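The block underneath contains the structure these notes are about, expressed in structure tokens.
Since the structure is predicted, the reported quantities are computational estimates derived from the model, not experimental observations.
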Amino acid sequence: MSVRLHPHAQARLIERGATEAEVIVTVEGGATFPAQLERTGFRRNFPFNAEWREKFGSSLLGMLKS
């Protein structure tokens with residue numbers, strides 16, 4: 001599967017604490033769920049043993065809507 005990120009999505013990666021590789025893995029193999037406007041969302045957990053947005057977590061949930 002070919003995954004291309006919109007420039008807006010690429011700009012939001014840093015803000016959301018994700019990498020482009022994580023997004024691609026999520027789209028290719030993550031769980032799907034119904035999203036607004038008849039779209040499909042993708043979800044996957046990634047190990048994340050660090051602080052992000054002033055909170056410490058052991059996993060980071062990657063959620064995308066396409």
Side-chain angles (χ1 to χ4, degrees):
M1 171 188 305
S2 175
V3 177
R4 294 180 298 143
L5 299 181
H6 187 277
H8 176 76
Q10 288 176 325
R12 301 281 308 264
L13 288 175
I14 295 171
E15 179 182 324
R16 294 181 178 190
T19 66
E20 188 170 331
E22 290 171 334
V23 171
I24 292 169
V25 167
T26 301
V27 171
E28 291 179 339
T32 61
F33 62 93
Q36 294 179 350
L37 304 174
E38 298 182 20
R39 295 181 179 186
T40 300
F42 300 88
R43 178 180 295 135
R44 186 176 187 125
N45 285 326
F46 293 94
F48 188 77
N49 295 310
E51 186 175 311
W52 185 65
R53 293 190 175 185
E54 301 178 9
K55 294 183 181 180
F56 186 86
S58 60
S59 69
L60 183 63
L61 177 65
M63 292 179 61
L64 310 167
K65 296 176 186 170
S66 67

Quiz item: Of all heavy-atom pairs between R44 and T26, which one has the smallest distance, and what is that distance?
Solution: CB-OG1, 3.7 Å
Self-check item: Minimal non-hydrogen separation, L5 against V23, with atom names
Solution: CD2-CG1, 3.5 Å
Quiz item: Which atoms form the tightest heavy-atom contact between A35 and G41, and what is the distance?
Solution: CB-N, 4.0 Å
Self-check item: Minimum heavy-atom distance E22-F46, with the two atoms named
Solution: O-CZ, 3.5 Å
Practice problem: List the atom of F42, the atom of F33, and the distance in Å for their closest heavy-atom pair. | Solution: N-CE2, 3.5 Å
Quiz item: Hey, what do you get for CD1 (I24) to CZ (R4), rounding to the nearest 0.5 Å?
Solution: 12.0 Å
